[in-house]
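In what follows, a structure is listed as structure tokens, so that the remarks can point back to it.
Every chain is numbered from 1, with letters handed out A, B, ... down the list of sequences. Note that this is a predicted model, so its numbers are computed, not measured.
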2 protein chains.
Amino acid sequence: MRKDSRLSRVLHVLIHLEMADQPVTSDKMAEMLSTNPVVVRRTMALLRDRGYVRSSKGHNGGWSLAKPLDEITLLDIHKALGEASVFTIGLTDEHTNCPIEHAVNASLKDVMNEAEKLMLKRFGEITLDLLGAEFKT
Amino acid sequence: MRKDSRLSRVLHVLIHLEMADQPVTSDKMAEMLSTNPVVVRRTMALLRDRGYVRSSKGHNGGWSLAKPLDEITLLDIHKALGEASVFTIGLTDEHTNCPIEHAVNASLKDVMNEAEKLMLKRFGEITLDLLGAEFKT
DNA sequence: TCATCATGTAACTTTAATTGTTACACAATA
DNA sequence: TATTGTGTAACAATTAAAGTTACATGATGA
């Protein structure tokens, strides 16, 4: 099953951003991430919409933090990226009226909701400066 | 992100299987699931490999349970389907030696592991007869 | 002011993985 | 022995994300 590594990538970039004393261009980031500047802009735009980063044009332009890392949580970034669900496991579309199908889906949904809730709670507890701190030790 | 609904589908089918007094053909199942008999065989073959179901050929052939539902857990089926991870969130390939990237991935991995562990624990606690029981009430 | 650097974004192509399909071999049974 | 069913290889279709191209627009500094 395909994985979405935007979260991992963008966190990586944000922490680098904090250490830079100048805006960092999409080109530089793309190079870091072995990807394309347009892809970077697409993803970063989602964060800008939420006020976590800023972009500027022209000479010495690029991306910079709009908020200190200790005020941004993993959950914030995860939400900004707008992935519908964290699970690869999906439920069947219940176009039938089969009560068994409904029961199965309800059970699965319960378990997945519980796990997702736990995960998002943890994400909410981790600010991005902690990620940076961890590597500095 | 694409979802894998094989788990949901196959559970649905297994509970139906229990109630059938004859083997059920791949064609019937495919119709139930609005899919293709070959797809059904592919998925069911994974369960047969683990001894949860049996298949027989010829007249009155088809699929039947090889184990009572109260001896099969959600976790058993999940494992049989062989999905690598339950999460849509992936980590970057660490071809670089960037310590920040490593730290970010380690943190994400921690949180995901914890959530996955919880989820699989719950899956292990739910036997398939419980799913059926739930709908009967 | 104007060449240059940078983002913004639409439109399109590529990629990767599953799912669906076709075709045919093989086995069981009425 | 015709029919019913699985087993499986090989291929096509689908789909969603990622990548790419192209060009507009804005900012900056020489």
Side-chain angles (χ1 to χ4, degrees), chain A residues 1-10 12-13 17 20 22-50 52-66 81-93, chain B residues 1-10 13 17 20 22-49 52-66 81-93:
Chain A
M1 193 66 45
R2 196 117 187 225
K3 293 302 175 59
D4 181 354
S5 57
R6 288 180 304 161
L7 180 59
S8 172
R9 288 174 152 192
V10 94
H12 179 186
V13 157
L17 264 195
Q22 286 193 354
V24 178
T25 65
S26 306
D27 274 71
K28 286 267 182 205
M29 291 180 180
E31 197 178 356
M32 271 183 51
L33 301 174
S34 326
T35 181
N36 190 290
V38 177
V39 173
V40 170
R41 287 188 200 121
R42 271 208 288 252
T43 306
M44 293 297 286
L46 297 171
L47 304 193
R48 187 191 46 216
D49 293 346
R50 303 265 182 142
Y52 303 130
V53 296
R54 243 189 306 267
S55 61
S56 57
K57 298 181 173 181
H59 287 269
N60 288 314
W63 298 90
S64 49
L65 288 176
L81 296 180
E83 181 68 64
S85 157
V86 298
F87 295 110
T88 55
I89 297 177
L91 306 179
T92 55
D93 305 339
Chain B
M1 191 69 43
R2 196 118 185 225
K3 292 302 176 60
D4 182 353
S5 57
R6 286 180 307 160
L7 181 60
S8 171
R9 286 175 153 192
V10 94
V13 156
L17 263 194
Q22 287 192 355
V24 178
T25 66
S26 305
D27 275 71
K28 287 267 184 207
M29 290 180 181
E31 197 178 356
M32 269 182 52
L33 300 175
S34 327
T35 181
N36 189 289
V38 176
V39 173
V40 170
R41 288 189 198 117
R42 270 209 286 251
T43 307
M44 294 297 286
L46 296 172
L47 304 193
R48 189 191 45 216
D49 293 346
Y52 303 130
V53 296
R54 243 190 305 267
S55 61
S56 56
K57 298 179 172 183
H59 287 268
N60 288 316
W63 299 89
S64 50
L65 288 175
L81 296 180
E83 181 68 63
S85 157
V86 298
F87 295 109
T88 53
I89 297 177
L91 306 180
T92 55
D93 306 340

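Rounding to whole angstrom units, CD of residue B:Gln22 and C1' of D:dG5 are separated by 13 Å. Rounded to an integer number of Å, the gap from A:Arg41 CZ to C:dC5 P is 14 Å. Nucleotide D:dT21 holds its P atom 13 Å from the CG atom of A:Asp27, rounded to whole Å. Atom CZ in A:Arg54 sits roughly 15 Å away from atom P in D:dA27 (whole-Å rounding). Nucleotide D:dG5 holds its P atom 13 Å from the CD atom of B:Glu31, rounded to whole Å. Between the CG atom of B:Asp49 and the C1' atom of D:dT6 there is a distance of 14 Å, given to the nearest Å. Separating the NZ atom of A:Lys28 from the P atom of C:dC5 is a distance of 13 Å, rounded to the nearest angstrom.
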A:Leu46 and A:Arg6: CA distance, side-chain angles, deciding distance, side chain to side chain contact (heavy atoms under 4.5 Å, CB included) verdict: CA-CA 11 Å; A:Leu46 297 171; A:Arg6 288 180 304 161; 3.9 Å; yes
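Looking at every heavy atom in both residues, A:Asn60 comes nearest to A:Pro23 through O-CG, 3.4 Å. For the residue pair B:Ala30 and B:Asn36, the shortest heavy atom distance occurs at CB-C, 3.5 Å. In this structure, B:Arg9 and B:Leu33 approach most closely via the heavy-atom pair NH2-O, 3.6 Å.
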All N/O pairs under 3.5 Å across the protein-nucleotides 16-20 of chain C interface:
unit_1: C:dT18; atom_1: OP1; unit_2: A:Met1; atom_2: N; d: 3.3
unit_1: C:dG20; atom_1: OP2; unit_2: B:Thr35; atom_2: OG1; d: 2.6
unit_1: C:dG20; atom_1: N7; unit_2: B:Arg42; atom_2: NH2; d: 2.8

Pairs under 3.5 angstrom, nitrogen or oxygen only, protein versus nucleotides 25-29 of chain C, please.
unit_1: C:dA27; atom_1: O4'; unit_2: B:Lys57; atom_2: NZ; d: 3.3

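Checked by atom type and distance alone, the side chain of A:Ser8 pairs as donor or acceptor with a backbone atom of B:Thr92 at under 3.5 Å.
Contacts of A:Arg48 classified as side-chain contact (heavy atoms from CB on, under 4.5 Å), with partners at least two apart in sequence or in another chain: A:Ala45, A:Val53, A:Ser55, A:Trp63.
Between A:Arg48 and B:Val38, the residue anchored closer to the 5' end of DNA chain C is A:Arg48, taking for each the nucleotide with the nearest heavy atom.
The environment of CD in A:Glu31 is sparse: at most 12 heavy-atom neighbours from other residues, nucleotides or ligands sit within 6.0 Å. Other residues, nucleotides and ligands contribute more than 12 heavy atoms inside 6.0 Å of the NZ atom of A:Lys3.
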